[in-house]
Asks: 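I have a structure I would like to understand better, so I am pasting it below and will then ask my questions one at a time.
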Amino acid sequence: RCVQLNSGTGDTIQTLNIESLSTKPHFRGNLMFCTAVSPEIGGAVFAYDLSRNSIAWQKFIAHGITEQPYYLENKIIVNAEGDNWIKMDYDGTLTDTICENKLSVGGFYACVKHFQYLTHNQKGITASFLLKHFNGSDIKIRYAKDFTFILGENKILILGNSGKIKKKIAIDKIITLPETGVNEYREILKADDTILWFYYENIVVVYDYKRNKTVKTYDLGSWDAHQVVLDGNNLWLITKENGELVGVELESRL
């Protein structure tokens, strides 16, 4: 189930009429845009009216609910299973109606584009590109204004506005990796115009990709995290061993 809480007190405001969310939601006023299992139609993308505790609109996308949608300024791009993606506006209306590639999705036909991820400027990243450079390993993607960062096994690729590779970073060349206690979880925590923060094998790395210089590293091996979030100078992580939530003040460790 999905519950809305008062962030100041923790008190329950209401229980929503949908099952647990499948991806990170996006909020506009009282509307929450998200993917989840709809009681009426199954896997769907929809707008949920929090003020009325009801679904404003919904579109069936089946197993596409497991892929994070792209919530852009004036459109939503959602997965319709596999490498198929469809585009709609924030009223749930399909915005592409004339195309060569159409797919039947829950009884309606939609124009689809084929890719696995989008870059910062909405160019498609294909499965063949990822297979070539990462050989099927788990990847994480993050965006800055003019760059897309792809983190995989022992490698980071930086793509520019053309969609081409601007830089390749071998992780074992910029930090000393631990010999034991390897953690397969990896995450890009933050990216701006010059600095990239990422988590790799229990190490938080602060890397200046413009100057090709490692600014700082933090060894978090004692916690062995399986989820990490950076919030300002605070790092929040959940440990693998006992599921504890731990807050680390990074400035105190400089």
Asks: In a check of side chain to side chain contact (heavy atoms under 4.5 Å, CB included) between Leu230 and each of Leu250, Leu237, Val204, which one passes?
Replies: Leu250
Asks: Residues in side-chain hydrogen bond (donor to acceptor under 3.5 Å, both in side chains) with Asn233, at least two apart?
Replies: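 Partners of Asn233 under the side-chain hydrogen bond (donor to acceptor under 3.5 Å, both in side chains) test: none.
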Asks: Please report the shortest heavy-atom distance between Gln116 and Asp83, naming the atom on each side.
Replies: CG-OD1, 3.3 Å
Asks: Find out whether Glu153 and Glu184 are in side-chain contact, i.e. whether some heavy atom of one side chain is under 4.5 Å from a heavy atom of the other.
Replies: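 They are not in contact (no side-chain heavy atoms under 4.5 Å apart), so the answer is no.
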Asks: Can you give me every donor-acceptor pair (side chain of residues 22-29, partner residue at least two apart or in another chain, under 3.5 Å) with its distance?
Replies:
unit_1: Thr23; atom_1: OG1; unit_2: Thr35; atom_2: OG1; d: 2.6
unit_1: Arg28; atom_1: NH2; unit_2: Glu73; atom_2: O; d: 2.5

Asks: For the residue pair Tyr200 and Phe198, does the interplanar ring angle fall in the parallel (under 30°), tilted (30 to 60°) or perpendicular (over 60°) class?
Replies: perpendicular
Asks: Distance-only, no hydrogens or angles: does the Asp89 side chain make a donor-acceptor pair with backbone N or O of Asp91 under 3.5 Å?
Replies: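 Yes, because the side chain of Asp89 sits within donor-acceptor range (under 3.5 Å) of the backbone of Asp91.
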Asks: Does NZ in Lys155 sit with more than 12 non-hydrogen atoms of other residues, nucleotides or ligands closer than 6.0 Å?
Replies: yes
Asks: Once side-chain contact (heavy atoms from CB on, under 4.5 Å) is applied, do any residues pair with Leu72, and if so which ones, sequence neighbours excluded?
Replies: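 side-chain contact (heavy atoms from CB on, under 4.5 Å) check on Leu72 returns Tyr70, Lys75, Ile77, Gln122.
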Asks: Starting from the C-alpha separation in whole Å, work towards a yes-or-no answer on side chain to side chain donor-acceptor pair (under 3.5 Å) for Ser38 and Glu40.
Replies: CA-CA 5 Å; Ser38 162; Glu40 293 87 7; 3.0 Å; yes
Asks: Taking Tyr117 as the fixed residue, which of Ile150, Thr126, Ile141 is the one that meets the side chain to side chain contact (heavy atoms under 4.5 Å, CB included) rule?
Replies: Ile141
Asks: Tell me if a side-chain donor or acceptor on Gln14 pairs with a main-chain N or O of Leu50 at a distance below 3.5 Å.
Replies: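 Checking the backbone N and O of Leu50 against the side chain of Gln14, a donor-acceptor pair under 3.5 Å is found.
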Asks: What donor-acceptor contacts under 3.5 angstrom involve side-chain atoms of residues 164-171, with partners at least two apart or in another chain?
Replies:
unit_1: Lys167; atom_1: NZ; unit_2: Tyr209; atom_2: O; d: 2.5
unit_1: Lys167; atom_1: NZ; unit_2: Asn212; atom_2: OD1; d: 2.9

Asks: Of all the heavy-atom pairs spanning Ile188 and Phe149, show the shortest one and how long it is.
Replies: CD1-O, 3.6 Å
Asks: Do Ile203 and Leu220 have side-chain heavy atoms sitting under 4.5 Å apart?
Replies: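 Side-chain contact under 4.5 Å: no.
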Asks: Partners of Ser222 by side-chain contact (heavy atoms from CB on, under 4.5 Å), sequence neighbours excluded?
Replies: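 With neighbours one apart ignored, the set is empty.
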Asks: Under the criterion side chain to side chain donor-acceptor pair (under 3.5 Å), I'd like the reasoning laid out for Ser137 against Asn135: C-alpha separation, chi angles, the key distance, then a yes or no.
Replies: CA-CA 6 Å; Ser137 67; Asn135 197 29; over 6 Å; no
Asks: Quick one: closest heavy-atom pair of Met32 and Ile18, and the distance?
Replies: CE-CD1, 4.3 Å
Asks: Excluding sequence neighbours, so at least two apart, what forms ring-ring contact (aromatic ring centres under 6.0 Å, His included) with Tyr199?
Replies: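 ring-ring contact (aromatic ring centres under 6.0 Å, His included) list for Tyr199, sorted by chain: Tyr185.
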Asks: Under the rule for ring-ring contact (aromatic ring centres under 6.0 Å, His included), what residues qualify as partners of His226, not counting sequence neighbours?
Replies: none
Asks: Check Ile76 against Pro69 and note the closest heavy-atom contact, atom names and distance.
Replies: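 For Ile76 versus Pro69, the nearest heavy atoms are CG2-CB, 4.3 Å.
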Asks: Under the rule for side-chain hydrogen bond (donor to acceptor under 3.5 Å, both in side chains), what residues qualify as partners of Tyr207, not counting sequence neighbours?
Replies: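 Result, side-chain hydrogen bond (donor to acceptor under 3.5 Å, both in side chains) vs Tyr207: none returned.
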Asks: On a heavy-atom basis, which atom in Asn53 and which in Asn17 lie closest, and how many Å separate them?
Replies: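 Between these two residues, the closest heavy atoms are O-ND2, 2.9 Å.
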Asks: Under the rule for side-chain contact (heavy atoms from CB on, under 4.5 Å), what residues qualify as partners of Ile13, not counting sequence neighbours?
Replies: Gln4, Asn6
Asks: Under the side-chain contact (heavy atoms from CB on, under 4.5 Å) test, which residues partner Leu103, sequence neighbours left out?
Replies: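 So Leu103 forms a side-chain contact (heavy atoms from CB on, under 4.5 Å) with Ala80, Asn84, Val105, Val112.
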Asks: Measure the spacing between OG1 of Thr15 and CG of Leu5 and express it to the nearest 0.5 Å.
Replies: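 Nearest 0.5 Å value for the OG1-CG distance: 9.0 Å.
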Asks: Name all residues meeting the side-chain hydrogen bond (donor to acceptor under 3.5 Å, both in side chains) criterion together with Asn154; count only those two or more places apart in sequence or in a different chain, and write none if there are none.
Replies: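 Listed in chain order: Asp172.
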Asks: Just to verify, what does Glu187 make a salt bridge (charged side-chain N to carboxylate O under 4.0 Å, His left out) with, not counting sequence neighbours?
Replies: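 Glu187: salt bridge (charged side-chain N to carboxylate O under 4.0 Å, His left out) contacts with Lys140.
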